[in-house]
Each structure stands twice: as C-alpha cells, then as structure tokens.
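Structure, as structure tokens:
Lettering follows sequence order; numbering is per chain, from 1.
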Amino acid sequence: MTTEIEIRRQPVDCAGQDAELLLRMFRKMLEAREFEEQLYYLFLTTAMPGTMHQAVGQEAVAVGVVSALNPDDTITSTHRGHAHCVAKDVPLDEMMAEMFAKREGSCRGMGGSMHLTDFSKGMLGAFAIVGSGIPIATGAALSARVRNSGQVAVSFFGDGAVNEGTFHEALNMAALWNLPAIYIIENNQYALSMTVAESSALPDLAARACAYNMPGVRVDGNDALAVYEATRAAVERARAGEGPTLIEALTYRIRGHARFEAAGYRPAEEVDAWKNADPIERLAAGMIAAGIASEDQLNQIRGEAERAIEEAIAYAETCSEVAAEDYLAYITAEE
Amino acid sequence: MTTEIEIRRQPVDCAGQDAELLLRMFRKMLEAREFEEQLYYLFLTTAMPGTMHQAVGQEAVAVGVVSALNPDDTITSTHRGHAHCVAKDVPLDEMMAEMFAKREGSCRGMGGSMHLTDFSKGMLGAFAIVGSGIPIATGAALSARVRNSGQVAVSFFGDGAVNEGTFHEALNMAALWNLPAIYIIENNQYALSMTVAESSALPDLAARACAYNMPGVRVDGNDALAVYEATRAAVERARAGEGPTLIEALTYRIRGHARFEAAGYRPAEEVDAWKNADPIERLAAGMIAAGIASEDQLNQIRGEAERAIEEAIAYAETCSEVAAEDYLAYITAEE
Amino acid sequence: MRQLGLAAAIREGIIQEMRADQSVILMGEDVGKFGGAFHVTHDMLDEFGAERVWDTPISEAGFTGLGIGAALTGMRAIVEYQYLDFIFCAMDQVVNQAAKIHLMSGGRAKVPLVLRGPQGATGRGAQHSQSIEAYFMHTPGMKVVLPSTPYDAKGLIISAIRDDNPVLFVEHKLLYGAASPGGGKALSDTAIQAIGMDVPEEPYAIPLGSADIKRAGDDVTIIATLLMLHRALAVADQLSNEGISVEVIDPRSLVPLDVETIAASIAKTNRVVVVSEDTSRAGVAAELVATINDHCFYDLEAPVQRVAAGDTPIPFAPAAERHVIPQVEDIRAAAQRVLSD
Amino acid sequence: MRQLGLAAAIREGIIQEMRADQSVILMGEDVGKFGGAFHVTHDMLDEFGAERVWDTPISEAGFTGLGIGAALTGMRAIVEYQYLDFIFCAMDQVVNQAAKIHLMSGGRAKVPLVLRGPQGATGRGAQHSQSIEAYFMHTPGMKVVLPSTPYDAKGLIISAIRDDNPVLFVEHKLLYGAASPGGGKALSDTAIQAIGMDVPEEPYAIPLGSADIKRAGDDVTIIATLLMLHRALAVADQLSNEGISVEVIDPRSLVPLDVETIAASIAKTNRVVVVSEDTSRAGVAAELVATINDHCFYDLEAPVQRVAAGDTPIPFAPAAERHVIPQVEDIRAAAQRVLSD
Ligand SMILES: Cc1ncc(C[n+]2csc(CCOP(=O)(O)OP(=O)(O)O)c2C)c(N)n1
Ligand SMILES: Cc1ncc(C[n+]2csc(CCOP(=O)(O)OP(=O)(O)O)c2C)c(N)n1
Ligand SMILES: [Mg+2]
Ligand SMILES: [Mg+2]
C-alpha cells in the first residue's frame with residue numbers, strides 16, 4: 001500500500017542532457033543552500049529577527065520544478081520558501097535584506113522569512129498557513145485561463161499540507177475545469193514531528209490524485225533532473241489545456257523543522273543516510289560522470305555561489321532600517 | 001470514468017428476507033414521506049415558520065442505513081434531515097412540534113427544520129452547513145473507541161458535501177485511526193442546481209475513498225434492502241475495528257431543493273423517470289412479489305403512517321408557544 | 001426615475017462593471033446556471049460566459065482562495081457566499097490571506113476582491129441568520145460595506161469592485177426586494193421604507209467611507225445600517241409625531257468609517273443611539289460606542305445607547321428571534337432613554 | 001511555595017484533570033510524541049497513551065470537528081492549535097457548530113470543549129502574531145479565558161476543562177516562561193513581572209467570570225489581559241514613583257466578564273484605561289469601552305482611553321511590530337492623558 005522509500009544515492013544520470021540547464025540548476029541549488037547555511041550562522045551569532053525554516057537537502061525540488069517554467073509562470077510557496085525564491089530568480093540581495101528586516105527587502109521588511117515574495121518574478125507569495133497557498137495558486141491558474149495567457153501556476157507545499165481541506169477543494173476544482181495548475185508535494189517525510197504514515201491514511205501521496213481524476217506522479221526529489229522532467233511533462237499537459245498534475249517529490253529535510261529545532265524524533269541513521277543522498281552532490285557527480293563539467297568548473301561555481309551570498313549579506317547590512325511607521329503605507333492599497 | 005447512472009425500477013428482491021425488518025422499513029419510509037408531504041401542505045396553507053428541505057424519494061437511504069444500526073449508535077444529519085430523524089426513532093410528535101416552533105419540539109423550538117436533533121436517540125445533530133457534520137460524526141466514532149463502547153457513528157451528507165474540505169480531513173483521520181465511522185453520501189445527483197458531474201472531478205463518488213485507503217461502495221439508494229445490506233457490512237467492519245467505509249447511495253430528490261424551489265434546471269423526463277423508481281413502491285412491490293405481505297397489509301400500514309402524522313400535527317397544534325425569552329436558558333450550559 | 005429593488009440594483013452594478021472591465025469575474029455556488037440563490041446574478045452566465053461566471057462546487061475555502069489567486073494576477077474577483085454565514089468555512093483565506101497579503105508583500109501585491117452575500121435573521125435558525133460584519137471590521141486590511149437602499153447598493157458595489165482591496169459587501173435578505181426570493185418576506189416587514197429606489201441607469205460610484213444622513217434632525221442621532229436603518233427611520237417617523245427631531249445616519253461603510261459626519265451630528269444633538277443587527281458583544285455597535293467615546297465624549301449629555309442583537313446564537317422560534325433582534329420598539333425605547341437620561 | 005512558569009502551570013492543570021477524569025482527552029498537531037510546539041503537553045502521551053492524546057494530521061477544521069463530536073458523546077475534549085492564528089482554518093466548526101449546538105438543541109446537547117493555544121506578536125510576521133480573542137467574544141455560546149499568571153493559568157484551565165461549554169483558552173507566547181521555546185524571548189521582555197508564580201501542587205479551580213485586582217489603587221483604573229497586564233503593572237510601578245496610584249484589573253475571562261469588579265473600581269477612580277493586544281477596531285478594548293459606557297458613564301471624569309494594537313496586519317520588522325503593539329510607554333501616556341483630561 002505504501003511505497004517503500006528507497007534512498008537513492010546514485011549520481012544524476014546526465015548523459016546527453018543539456019549542459020546549460022544542468023549547470024544553471026547546480027548553481028541555483030548552491031545559492032539556495034548557501035543562503036540558508038549563512039542564515040543559520042547569522043541566527044546563531046547575530047540578532048536576526050524572527051525565525052526561519054531551512055530547506056537544506058530539498059533544493060532539487062524547488063530548482064528542478066522552476067527550471068521547467070517560463071519566467072512569467074507563477075508559483076506559491078510556504079513557510080519553507082527560500083529555495084523557491086532563489087529558483088524563481090528573486091534577487092538574493094533583496095531576499096537577504098528582507099531577512100534582516102530592511103527597507104530594501106523584497107517585502108520592504110513587512111514580510112520576513114515566512115512571506116518572501118516578489119511579484120515581478122511571478123512569485124505570488126509565501127503562505128505560512130499550511131495548505132493555504134494551494135487554492136491561491138489554483139486561482140492564478142484560473143486567471144491564466146481567463147486571460148488566455150498560456151501561463152501555468154505551480155503550488156509548492158509539504159507532505160503535511162495534503163491533509164488540509166484546501167488541498168482537496170483546490171485539486172477538485174483544478175481537475176474539474178482542467179486548469180493549468182501543477183501541485184508539488186515536497187515530501188520531506190515529516191510535518192514537524194509527524195511522519196507521513198502517522199498523518200496520511202494513504203502514505204503514497206501521489207496516489208491521492210486518484211480522488212480528483214488527476215495524474216499523480218512520484219519522483220526522486222533529490223534528483224534535480226528527474227524533478228525537472230516530471231515538471232516539464234506536467235507543464236506540457238497544462239499548457240495544452242489537458243489539466244493539472246500532482247507531483248510528489250520525495251526528499252528529506254536535513255535540518256530541524258525551524259531554526260534551532262533539534263528534530264530528536266528522527267533516528268540518527270536515517271538523517272545520516274539522507275545526508276549521503278545530497279541532491280547537490282548527486283548532480284555534481286552526475287555531471288562529472290557524464291563529462292559535462294570538471295571538478296574545477298564546479299568548484300568555481302561553488303565559489304561564485306558563496307560570493308553571491310556574501311555579497312547579499314554585505315548588501316543587507318548596509319540597507320536602511322525599517323522605520324516604525326513604514327507599515328502605515330501598506331495597510332490598504334489606495335490610488 | 002464516471003459510472004453511467006441506470007435508473008432501477010425493479011421491485012426490491014425480498015425473497016427469503018426478514019419480514020419484520022422489511023415491514024419496519026416500509027413503515028418508516030412511509031412516515032418520513034408523509035411527514036414531509038403534510039409539511040409541504042402546511043407550508044402552502046398555513047403560516048409555518050422557517051423553511052424546509054424535503055427528502056421525498058430518498059427515504060430508502062435514511063431508513064436502510066439506520067435499520068442496520070443499534071439504537072445507541074449515533075448519526076449526524078444535514079439540512080435535509082427529517083427522514084434521518086424518523087429512521088432514528090425521534091418521536092414524530094416532537095419533530096412536528098419543532099416544525100411548528102413549539103416548546104414541546106425536539107429542540108424546544110430553538111432548532112427548527114434544519115437542526116432537528118434528539119440526543120436521547122443517538123441523533124447528534126442536523127448540521128446545515130454543508131459538510132460540517134462529517135468531522136463531528138467522526139469525533140463520535142473516536143469517542144466510541146476511547147470509551148470502548150462498541151458504538152458506530154454514521155454521517156449522512158449529500159453529493160455536494162464531498163467537495164468540502166471537512167470531508168477530506170475527516171475521512172483521512174477516520175481511516176488513519178481505523179475509527180468505527182460510516183460515511184453515507186446521499187447522492188441525489190444535485191447540489192441545488194449543480195449536477196455531480198459539474199461539481200466533482202471524479203463523479204464516481206464512492207471511488208473518492210481511494211484517497212483514504214478506505215473501501216468505497218456504491219449502492220442503489222432507492223432499494224432499502226440494498227442500502228441496509230451495504231450498511232450492515234460496514235457496521236461489521238467498524239465494530240471489528242477494521243475501520244470506516246464510504247457508501248454512496250444513488251437516489252434522487254423528487255422535489256425542489258427547498259420548500260418552493262422549482263428545480264427548473266432538471267429535465268422533466270428525468271424527474272418523471274425517477275418518480276417511477278420510487279423506493280417505497282419498489283419495496284412494496286418486492287414484498288408482495290416475495291409473498292411477505294399482502295396489498296391489504298401494506299395499505300393498513302399506509303393508513304397507520306398517515307394517522308401517525310395526522311396525530312403529530314394535531315399534537316403540535318396543541319403545544320405551547322415558545323416564549324420570547326425561552327432561549328435565554330439555552331445560551332450556555334450551566335449546572 | 002426608474003425604480004429598482006436592492007437585489008436588482010446590485011445586479012445592475014455588477015453587470016455594468018463586467019461590461020466595462022474584462023478583468024471582472026464572478027464565482028460562487030449556483031451563481032451561473034441558476035442565477036444565484038437570491039437571483040442577484042441572474043442571466044450573467046448567458047451574457048458573460050463560463051470563463052467569467054464560475055459555478056463552483058461547495059468549497060468555500062477553495063473558491064475564496066481561487067478568487068484571491070485570480071485577484072493577485074490581474075483579475076477583479078467577485079466571490080458570492082450563498083449565505084454570509086458560510087464565509088466562516090473560508091475564514092483563513094479571508095483573514096489570514098486576502099486581508100494580509102498587501103501588507104506582507106510590502107505593498108507590492110494587491111487583492112481586488114469583493115466578498116459578498118446575504119445575511120440577516122429571517123426565521124431560518126442559528127446557521128442561516130447571523131450578521132457577520134464585525135468579524136471583518138476587526139480584520140485589518142479589509143473594507144466593510146453595507147448598503148441600506150438600492151441607490152446606495154449600486155453605487156457602493158461599483159466602488160467595491162473598483163477598489164484594490166478585499167471588500168466585504170454585506171446584503172440584507174429582507175431588503176432584496178420583491179424580485180428576489182428574499183423579497184417575499186421583505187414586503188411583510190412593514191418597517192422597510194421605500195427610500196433610495198430611484199436608481200440611475202448609468203453607472204455611478206459612491207465613495208467608500210462616506211456616511212449618508214438619511215434624515216436630518218436636532219434632538220438625537222441614530223446611527224444604523226442595513227435593515228436597522230429602516231427601523232431607525234420608522235422610529236424617527238414615530239418620534240416626530242411627538243415633536244422629537246431625530247437625525248438618522250447611515251455609515252454605508254464601517255471600514256472606512258466616516259467619523260466626521262458622525263461627530264458633526266453628535267456635536268449638534270449630544271445624544272446618540274447606535275443600532276446594529278449583529279451580536280452586541282464586541283460587535284459593530286460596541287465599536288461605534290468606542291469611536292464616539294474617543295472622538296465625542298465631551299459632546300455627550302448621556303451615555304450612548306447601544307442597541308444590537310442579544311448575545312446568543314439565533315433561536316428558530318419567531319417570537320424568540322424577534323426578541324433577540326432589535327425591533328422598532330427597542331430602538332424607540334433606546335431613543336427615549338437617551339433623551340430622558 | 002514551589003514556582004512554576006505559565007506553560008508548566010497549564011500543563012499541570014491539564015494532567016491533573018486527565019488523571020481525575022477519564023473522559024478528558026487531548027488532540028492537536030504534535031501534542032503527543034513531540035510534546036507540543038511550546039511543550040505544554042510534554043510527556044502526556046507517555047502517561048495517558050494514544051487513546052487519550054491524539055497526534056493529529058494538519059487538519060484544523062477536521063480535528064476541531066472531532067473534538068466537538070467527542071464532546072457531544074461523553075468526552076471532555078481539549079484541542080490545541082499550534083498557533084491560535086490557525087483557528088481560522090476551523091472557524092466554521094467553532095463559530096457555526098461548537099458555539100451554537102447547545103442552543104440549537106434546545107439545551108439538550110452539551111459541548112465541553114477547550115480550544116487552546118498560544119498567540120501574541122513575537123517577530124514572526126502577520127500570520128503568526130495575531131491576538132484572536134475578540135472574534136470569539138463576538139461569538140455567543142462560547143467562553144473566553146485569558147490567564148496572565150501561572151497561578152491563574154492553572155486554576156483557569158481546570159475550570160475551563162470542567163465547564164460544559166466551548167471555552168477558548170488563550171495563552172501568550174511571551175508569558176510561557178523559560179521552560180518553553182517561547183520562554184527565551186519572554187525573559188528578554190523586561191516588563192514581564194514575576195507575579196503569580198507560586199502555584200499550589202493540588203488542583204484548584206478559579207471561577208470563570210471573576211476578575212482579579214492585580215494591584216489596588218485610587219487614581220486611575222487600568223484594565224488589561226495577558227502580556228498587557230504585565231505592561232500595565234510596569235506602568236503602575238512607574239507612576240507610583242510620581243505619586244499616582246493605579247488600580248490594575250485583570251478580567252481573566254472576557255466571557256463571562258466580571259462587570260461588578262470593574263464598575264466598583266471606576267466608581268472609585270473615575271478614570272479608566274483599557275488595554276489589549278488585539279486589533280483595536282471592534283476588538284476587546286472596544287467592547288470594554290462600550291461596557292463601561294453602558295454601566296459607568298456617570299462615574300467617568302474623562303473619556304476612557306483605549307489602547308490596543310493598530311488596525312493593521314502585523315508587520316515583520318521589529319520596529320514596526322513594536323509600533324503596532326501597545327508598549328509600556330503607550331499605556332503610560334494613556335494613563336497620563338486620562339488623568340489630565
Ligand atoms: C494551518 C497550519 N497549521 C499548523 C501550522 C504549524 N506548522 C508550520 S509548518 C508545519 C509542518 C508542515 O509540514 P509540511 O507540510 O510537511 O511542510 P515542511 O515543514 O515539512 O516543509 C506545521 C504543523 C501552520 N503553519 N499552519
Ligand atoms: C457550507 C455551505 N455552503 C452552502 C450552503 C447552501 N446550500 C445548502 S444545501 C446546498 C446543496 C447541498 O447539496 P448536497 O450536499 O448534494 O445535499 P442535498 O441538498 O442534495 O441534499 C447548498 C449549496 C450551505 N448550507 N453550507
Ligand atoms: Mg514535510
Ligand atoms: Mg445532493
């Protein structure tokens with residue numbers, strides 16, 4: 001009934017694949033990783049405001065999915081949204097400034113980690129109420145259909161979110177009306193302390209698409225290329241007017257649930273095993289094996305990603321503080 | 001994909017079945033029918049307060065299901081709840097008094113048609129917010145489990161209700177924990193003006209159980225015995241600790257959605273065809289064919305049911321008016 | 001001039017905006033084929049087609065979210081709840097999402113969304129009788145609009161549709177008028193005044209935040225909305241026979257609230273009754289009392305009289321419902337109290 | 001006497017009731033194995049087992065409904081929301097079902113249900129910072145309880161569990177105390193007073209509807225709950241240095257509300273400040289102002305000062321959040337205003 005979860009460590013099969021795509025994905029995943037690793041360090045050592053949820057280990061999902069989209073396609077994200085933003089080309093400087101609660105932040109200091117957003121990039125919002133972004137993305141798909149824009153809308157959410165009523169209501173409408181929507185379950189196997197088997201009567205989450213007459217696909221979420229391919233197929237379906245797809249990307253959150261949460265509910269061996277299935281390393285190994293890049297080239301990209309984050313931090317530090325009354329301008333939208 | 005709906009007119013196959021059960025079901029169905037027919041007339045001719053939703057044509061579902069329950073098993077009902085109450089032995093007098101908004105009403109005149117309730121009979125409530133009773137019944141099932149009472153809990157709801165998030169959330173928990181719950185979709189093919197195909201991406205509603213790893217059964221909802229049998233199997237499963245069942249009972253609402261709603265969105269031939277598949281007549285024909293009862297005997301029961309409703313009306317007319325301030329005693333429960 | 005009922009006036013406003021602006025779409029249960037449970041959206045599916053008039057499944061949270069997503073991406077979405085009591089099924093989408101997105105995005109996202117439907121007690125029991133506006137007054141980021149006449153309704157729905165924020169647009173079943181299924185009862189409520197029924201055919205917008213003095217007077221101010229506005233006017237009629245001059249103010253929107261018009265009236269009358277059909281505790285009337293306390297305390301010669309529904313779920317029996325909901329006599333008694341205090 | 005923090009005191013109250021009464025069950029996200037996001041339910045799964053401590057999926061509407069169904073059939077259910085902001089996902093179950101069932105059944109059904117969880121602004125942005133009590137004050141059929149000290153918390157949670165009605169039990173993250181993950185920040189809020197930390201080991205019940213005078217005084221009354229109570233006490237300390245005597249009242253429950261204690265205080269001081277962390281408009285403070293207007297108008301020598309959160313979704317940046325949420329200085333300024341008016 002539940003698909004046994006096999007931890008895959010093999011290199012991504014890059015033979016004959018588009019080098020530019022692979023290198024771009026590699027770079028994006030590194031930026032997302034480095035963004036969160038540096039943040040973790042900043043939270044430990046400085047007075048960073050608020051909290052954050054790291055997606056370390058899950059980067060292949062965000063990057064693989066978004067790589068299959070056009071820039072004007074839209075996405076919604078969650079409390080664990082940094083990687084989605086990085087993938088969607090939200091400027092790193094603005095993301096970091098937002099984490100620092102600065103005026104130049106992507107949300108002007110009003111949103112913070114859980115609400116990183118950038119409309120200009122088709123990033124419609126990070127919704128930190130579990131499941132709440134699913135109908136909103138579906139509405140973006142409906143709007144694309146009404147406007148005949150050819151856009152698709154993607155909703156990212158976790159394995160825990162499939163148990164919210166919004167999942168059910170939105171997927172039914174999307175399938176009923178063949179909307180150009182794609183639903184990505186980022187199955188990192190835990191919703192805070194709860195395993196999928198402890199919270200879902202049907203732990204094969206892709207199979208829950210059965211109730212909506214919708215295709216459900218499970219994919220290796222630590223293989224950026226596999227995620228990319230699955231998404232590409234869903235995008236084609238959506239743009240052809242054939243309706244939505246549910247994709248379950250199997251992955252693992254290496255860190256605790258939030259900031260300093262210790263995740264003591266997970267066996268150490270399990271965490272270690274998944275550390276050895278790192279999506280960035282798997283892509284690197286695959287590119288080298290396929291002769292697409294050399295170790296040197298990859299190291300250079302690693303260095304660039306590190307510098308990009310360093311620069312983002314340096315930028316954020318120089319940005320201006322949010323003034324106490326800034327928010328007054330943002331309560332309602334008026335001409 | 002969708003199961004083509006076949007209108008069945010054949011007599012209920014009563015051969016070798018328990019006569020007492022069949023006659024009891026026949027009588028209950030007649031009482032439910034007569035209760036609503038007389039109400040309709042009262043709404044036309046007198047100043048009845050409020051509104052009502054008739055289940056004329058759907059009586060086999062309420063009666064078939066409840067006949068498979070013990071008196072201490074619990075049910076939840078909906079805006080269309082008269083037949084459920086009749087089936088669950090809520091006194092007809094008190095039901096009618098409630099419709100008249102009298103003090104002797106089953107809810108002391110506080111509830112009305114949409115909230116007919118009688119705790120002493122295991123009727124936990126009629127919830128007129130579509131879908132809202134589903135988790136409540138599930139909680140009764142959970143409570144039965146905690147108390148180790150051996151009770152099962154049944155939730156009745158319409159085809160429209162499967163699209164509410166509560167359906168999804170409740171069924172998942174019930175299946176996850178193997179709760180002794182039974183979910184009855186009273187599929188009368190319309191949610192106000194909306195057909196099942198217009199509102200459900202998977203119009204085979206029983207099949208939506210797939211998402212919860214739960215058995216889903218479709219049954220002829222105008223065959224009281226078939227409904228009874230399907231429910232009995234589900235009750236056995238539930239009492240054995242094997243978990244919940246979703247039953248879709250296919251039926252038809254002969255009247256409009258509410259009181260004087262004309263239901264102009266339905267083809268006249270469709271309505272006529274279903275009138276000829278009347279569940280009471282089908283049971284009557286089946287009993288006669290199987291030699292379980294004579295036409296005379298059935299006519300006698302018909303007369304008794306009519307008299308029971310007449311008496312209920314007569315009773316309600318003599319009951320006392322709710323006083324303006326009665327409700328003050330019911331706002332909160334205090335010792 | 002041509003006369004319209006409230007439902008027909010709202011309908012006309014929506015149709016005109018949909019004609020003028022391709023980005024306006026409509027969604028809700030039975031709004032298309034059926035024309036809406038109270039006929040407000042009658043024939044719109046025929047005129048605008050299924051891409052702009054969406055007959056949804058019974059999925060309030062879901063289709064509210066769809067409206068938000070559409071609003072975020074270039075549409076102006078109008079979402080109908082068959083009864084406003086059902087908006088609680090979508091409460092997270094309204095309170096946590098729609099109302100907060102503009103601020104959370106640092107002003108970069110807009111949610112032009114109208115949430116509308118009927119409310120009010122009409123003998124249907126606790127789950128179909130509530131007045132829900134205070135929940136949304138208390139939800140920053142939203143506007144709350146409540147028309148009491150057809151004229152206001154048309155001008156206000158047009159403004160609500162054009163607004164770039166989520167707007168709760170509250171309609172009272174008993175005011176819909178004879179053309180609507182809610183209308184039968186309306187005719188039997190003798191307090192409903194035939195005011196504001198002259199509705200211009202061309203589109204017009206009434207600015208949100210502009211109260212309307214429905215009747216000018218000097219001795220006491222009554223502030224009321226929706227059905228209660230009509231009852232307040234009936235009281236004003238009665239009291240004028242006794243030589244008492246009542247000023248009746250219709251705020252028309254509670255957010256934004258036109259405090260100036262209210263304060264000017266109180267400066268003149270020094271006595272106020274606030275009336276609302278919603279539950280008294282932490283409701284509309286409470287906020288109006290507090291606002292008056294904040295702005296007009298020294299003008300008051302007596303405590304503000306607050307008249308609102310009793311703090312109870314609404315009972316079914318008509319006699320009990322009448323006792324819970326403010327009646328003409330209750331408003332009249334409050335006016336007399338504030339005059340004699 | 002032994003000292004406890006607020007989270008620990010609530011925990012002890014729940015455990016003692018669960019020991020005493022087999023019908024008490026607990027449900028919510030991560031309440032079992034994990035012990036609750038703020039550790040309030042720590043170790044309860046071990047002691048009471050999985051039949052009484054239910055680790056639920058993320059299905060707020062669903063598990064609230066389960067709690068109602070259990071409560072209707074002989075259980076006393078305690079439902080935890082990980083943050084109270086998430087109760088909006090279950091709003092229909094709370095407002096339309098739990099709160100109305102007793103009345104709709106003509107008093108024949110009871111819903112002994114405690115809905116509890118943490119709230120308050122702590123730098124987490126708009127969706128994790130709200131104060132939600134006014135929505136439920138405005139929902140007849142419910143009680144609303146808000147402890148500001150560990151002593152009160154234990155006595156009130158026990159009363160809430162024993163009550164036969166749905167009770168919203170509001171906990172403030174910053175008051176949880178050092179043992180809880182919310183506690184780290186608590187220690188850094190210098191206004192939090194070390195009061196009411198002596199908590200008796202035996203069970204005791206504090207009646208709902210009994211306000212507590214946390215500090216007696218003569219010149220001005222401040223009414224405040226939760227974190228604001230602590231800030232009010234800080235103001236009282238400061239003003240006493242200036243020779244001003246402040247009476248600080250903690251209502252402890254808003255429904256039922258102890259109007260007598262409040263009125264008696266106002267009869268003495270004639271000047272009042274009401275303070276609440278929730279949104280000002282149609283919020284707790286508005287209702288308190290209206291209640292005071294209803295009962296104490298002629299005792300007032302100046303308008304009641306209402307101090308509450310700004311009418312805005314809560315912004316992320318700490319400086320902005322501080323501006324929105326009432327600070328010690330804001331309360332102090334209000335007290336000075338009401339004294340000089
Ligand atoms: C409606 C709602 N309920 C509960 C929470 C608290 N919460 C935040 S994240 C989380 C777990 C989510 O799990 P999942 O969907 O798998 O996402 P993940 O954290 O694993 O990325 C919970 C319970 C919330 N934010 N919203
Ligand atoms: C949450 C909610 N949304 C909408 C309604 C209005 N409404 C009442 S009954 C109904 C149709 C229900 O259809 P179904 O579930 O199939 O039950 P039926 O009326 O056919 O018995 C609707 C839309 C409601 N009562 N509650
Ligand atoms: Mg997860
Ligand atoms: Mg139906």
TODO: Measure the shortest side-chain to side-chain distance between A/E270 and A/Y252 over non-hydrogen atoms and say whether it is less than 4.5 angstrom.
DONE: yes
Open item on the list: Assess, by modelled atom type and distance only, whether the side chains of A/S113 and A/H53 contain a donor and an acceptor separated by less than 3.5 Å.
Closed with: no
- [ ] Can you tell which part of D/Q82 gets under 4.5 Å to a heavy atom of chain A, answering side chain, backbone, both or neither?
- [x] side chain
Open item on the list: Check this for me: does any side-chain nitrogen of one of A/R103 and A/D326 sit under 4.0 Å from a carboxylate oxygen of the other?
Closed with: yes
- [ ] Just give me the residue among A/S199, A/S132, A/S193 that pairs up with chain D most often, heavy atom to heavy atom, under 4.5 Å.
- [x] A/S193
Task: Side chain / backbone / both / neither for A/M52 at chain D, heavy atoms under 4.5 Å - done: neither
- [ ] Report the option among A/V130, A/V322, A/I129 that has the most heavy-atom pairs separated by less than 4.5 Å from atoms of chain D.
- [x] A/I129
Task: Residue pair D/D55, A/E198: steps toward the side chain to side chain contact (heavy atoms under 4.5 Å, CB included) verdict - done: CA-CA 8 Å; D/D55 255 331; A/E198 285 168 336; over 6 Å; no
Task: Most chain A-contacting option - heavy-atom pairs closer than 4.5 Å, from D/A317, D/P318, D/A61 - done: D/A317
TODO: Select one option (side chain, backbone, both, neither) describing which atoms of A/E98 are under 4.5 Å from chain D's heavy atoms.
DONE: both
- [ ] Sort A/M110 into side chain, backbone, both or neither according to what part of it lies under 4.5 angstrom from a heavy atom of chain D.
- [x] both
- [ ] May I ask you to decide whether A/R255 forms a salt bridge with A/E36, counting only side-chain N to carboxylate O separations under 4.0 Å?
- [x] no
Open item on the list: Using 30° and 60° as the class boundaries, would you call the ring planes of D/F34 and A/Y265 parallel, tilted or perpendicular?
Closed with: perpendicular
Task: Flag side-chain contact, heavy atom, 4.5 Å: D/E171 against D/V40 - done: yes
Task: Greatest number of heavy atom pairs closer than 4.5 Å to chain D - which of A/T166, A/T332, A/I331 - done: A/I331
Open item on the list: I'd like to verify something: which residue of D/H128, D/R322, D/E29 has the highest number of heavy-atom pairs under 4.5 Å with chain A?
Closed with: D/H128
